[in-house]
Structures are given as C-alpha cells and as structure tokens.
Amino acid sequence: MSAHDEVRTGRPRWLGYLTLPWRAGVLAVWFAGQVLASSGAVLVDALTPRHRSTPRVVRVPLGEVGDRHVFALAVLVTLTPGTLALGVVPDGDGRALLVHSMYHPDAATALADVARMDRRLVRGLTTGGGA
Amino acid sequence: MILQLMGDVLAVIGAAVFVVAAIGLWRFRDPYARISSVATAAGVGVVLVTVGAALSDPEVGTVTKVVLAVALQLVTSAVGGIAIARAAVESGHVFAAGTDTEGVDGLPEQVP
C-alpha cells in the first residue's frame with residue numbers, strides 16, 4: 001500500500017498524520033454530498049411507475065493496491081445509492097473492482113465517478129510517506 | 001429545543017429512506033438492484049435515525065454510542081451487501097434484461 005500512496009500523495013509522512021483529521025473530515029463531507037446527490041435518481045426510479053435505470057456492470061482498474069484500499073473503495077461504492085461493488089477480480093499485475101451501476105448514462109461516466117471516488121479516498125485517508 | 005427538532009427531522013428522513021428502500025426491494029428487477037437499494041438504506045438510513053436520536057438526547061454516553069454505531073453500521077451494511085452481491089454473481093443470478101455487461105467477463109449470462 002505504501003508504495004502506491006507515495007506515488008499519489010508525495011508528502012512527508014509526519015505532515016500526512018498532522019493533516020489526516022482535516023482530510024478525513026473533508027472526505028466525509030464530500031461523501032455525504034455524493035450520497036445526497038445520487039439518492040435523487042434512486043428515489044425517482046423507486047417511486048414512479050416507469051423503470052428508469054440504465055443498469056450496467058463496469059470493471060474499474062485499480063492497479064496494484066492493498067486490501068485495505070480495495071475494501072474502503074468497495075464500501076464507499078456500495079454505500080452510494082445506485083452503485084454496488086460486486087467483487088474484486090485480477091487485472092494484469094493488479095486488481096479491478098466490478099461495480100454495478102444503475103443510473104450512469106454510459107460506462108465512461110460510471111468509470112469516471114468511481115475513479116474520482118478512489119482519488120478522493122486516497123487524498124482523504126492516506127498518510128503518504130516520502131521517507 | 002432546536003436540537004430536538006433537528007433530531008426528529010433526521011429520524012423521519014431516516015425512516016423515509018427505509019420506506020424508499022423497501023419500495024425499491026419490491027420494484028427493482030434483479031437481485032443486484034435490490035441489494036444496492038438495501039445496502040444503501042441499511043447504512044444511510046440507520047445513520048440518520050441514530051444521529052437523530054443522539055440530537056434528541058445529547059449526552060456524552062449517547063453520542064459515544066451513536067459514533068460507534070454509525071461507524072460499525074456503515075462498514076457492516078456495505079460488507080454484507082457486497083457479500084450477498086458476490087454470492088449472487090457466483091451462484092449465477094442473471095442481470096435484468098438490458099443490463100450492459102460489455103467488457104466484463106465471468107458474469108452470469110442475461111436472459112434475452
């Protein structure tokens with residue numbers, strides 16, 4: 001996990017620990033916003049007669065990441081209304097997350113959303129480690 | 001007073017999340033959409049109801065319990081949902097007609 005963090009964050013580890021509470025808080029607020037934003041589509045689909053979902057399964061490449069990272073991303077994806085993690089599969093040298101999405105208009109948007117969530121997660125919870 | 005009101009509002013919103021999830025469970029067409037609906041509600045709905053309860057009764061003991069309950073609930077409901085979804089894939093439950101599974105191997109075939 002640490003090698004991966006270094007590449008992405010590139011800050012000294014002590015600074016990572018110092019700013020962790022703030023970054024975790026920002027992540028929590030952003031995620032709460034995501035939940036609210038994506039709950040609208042589910043609400044409308046569940047409460048109106050027509051089926052409005054455009055279900056798809058996408059394969060999100062994660063690269064070489066650790067178990068904790070995959071776990072955290074899968075949990076966030078599943079807690080977001082309309083998306084569900086289906087499992088982890090090998091992908092080249094690393095792993096990929098299978099994500100079931102119900103309200104993304106196309107696969108590219110779904111992939112971009114999960115990739116953005118992954119970036120936010122890394123920024124919010126890792127301590128980096130330049131040493 | 002204002003905390004009590006906010007607590008009540010959150011608890012009602014939480015209950016509404018459960019109602020919508022129950023409707024989703026009944027109306028959505030495949031196990032995956034249904035699991036998605038329930039996993040989200042079990043996480044977000046319980047959090048809203050418990051935080052609402054904490055706001056109605058804001059004491060150190062209550063807040064501690066709620067923080068613990070929220071953390072455990074968010075993680076376990078998601079893990080439960082993922083485990084059931086994975087079991088559904090492994091046991092060959094098909095996706096609803098029209099599900100786009102292009103580019104993903106090893107998933108159950110759709111019924112046309």
Side-chain angles (χ1 to χ4, degrees), chain A residues 24 28 31-32 34-36 38-61 68 70-91 96-111, chain B residues 13 16-17 19-48 51 70-71 73-90 93 95-108 110:
Chain A
F31 183 67
Q34 283 299 107
V35 169
L36 280 182
S38 47
S39 62
V42 183
L43 205 69
V44 170
D45 191 25
L47 298 181
T48 55
R50 206 158 67 81
H51 288 292
R52 288 159 199 273
S53 61
T54 50
R56 70 186 71 253
V57 180
V58 292
R59 188 188 172 99
V60 185
R68 281 182 299 169
V70 178
F71 167 74
L73 183 64
V75 165
L76 288 191
V77 163
T78 302
L79 286 175
T80 308
T83 58
L84 171 71
L86 292 181
V88 182
V89 290
D91 178 59
L97 187 67
L98 298 184
V99 174
H100 181 262
S101 140
M102 290 173 66
Y103 302 104
H104 287 105
D106 51 54
T109 338
L111 282 169
Chain B
I13 295 175
V17 167
V19 173
V20 171
I23 296 173
L25 195 58
W26 167 52
R27 288 207 55 222
F28 290 159
R29 293 167 294 174
D30 63 5
Y32 306 98
R34 293 180 184 143
I35 294 163
S36 181
S37 162
V38 171
T40 300
V44 178
V46 170
V47 166
L48 287 170
V51 170
V70 165
Q73 183 62 31
L74 283 181
V75 172
T76 53
S77 78
V79 171
I82 296 167
I84 299 170
R86 182 156 179 76
V89 171
E90 300 279 324
H93 281 74
F95 290 86
T99 303
D100 177 7
T101 56
E102 201 181 328
V104 184
D105 305 326
L107 294 173
Q110 279 178 49

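Lettering of chains follows the sequences in order, A, B, ..., and the numbering in each one begins at 1. Every value quoted in this text rests on a predicted model; they were computed, and no experiment measured them.
- By the salt bridge (Lys or Arg N to Asp or Glu O under 4.0 Å) test, A/Asp91 pairs with A/Arg59, sequence neighbours left out.
- Proximity to chain A (any heavy atom under 4.5 Å) is shown, for B/Leu74, by both the backbone and the side chain.
- B/Arg86 pairs by the salt bridge (Lys or Arg N to Asp or Glu O under 4.0 Å) definition with B/Glu90, not counting sequence neighbours.
- If you measure heavy-atom distances from A/Val77 to chain B, you find no contacts under 4.5 Å at all.
- The part of A/Val58 that comes within reach of chain B is its backbone (N, CA, C, O), which places non-hydrogen atoms under 4.5 angstrom from that chain.
- One finds the OH atom of B/Tyr32 at 9.5 Å from the CG atom of A/Leu84 (value rounded to the nearest 0.5 Å).
- The most heavy-atom pairs under 4.5 Å with chain B, out of A/Ala85, A/Ala107, A/Gly87, A/Ser101, come from A/Ala85.
- Here the straight-line distance linking atom OG1 of A/Thr48 with atom CZ of B/Arg27 works out to 6.0 Å at 0.5 Å rounding.
- Under the 30°/60° scheme for interplanar angles, the aromatic rings of A/His100 and B/Phe95 are found to lie parallel.
- Contacts between A/Ser39 and chain B at a heavy-atom distance below 4.5 Å are absent for every atom of the residue.
- Ranking B/Ser37, B/Ser77, B/Ala33, B/Ala83 against chain A, the residue ahead of the rest is B/Ala33, based on heavy-atom pairs under 4.5 Å.
- Distance CD1/B/Ile82 to CG/A/Leu97: 7.5 Å, rounded to 0.5 Å.
- Only the side chain of A/Val35 comes within contact range of chain B, judged by heavy atoms closer than 4.5 Å.
- Of the inter-residue distances, the one linking B/Ile23 atom CD1 with A/Leu43 atom CG reads 9.0 Å to the nearest 0.5 angstrom.
- Taking CG of B/Asp100 as the reference point, atom NE2 of A/His104 lies at 13.0 Å (rounded to 0.5 Å).
- Residues A/Leu79 and B/Ala39 share a closest heavy-atom pair of CD2-O, 4.2 Å.
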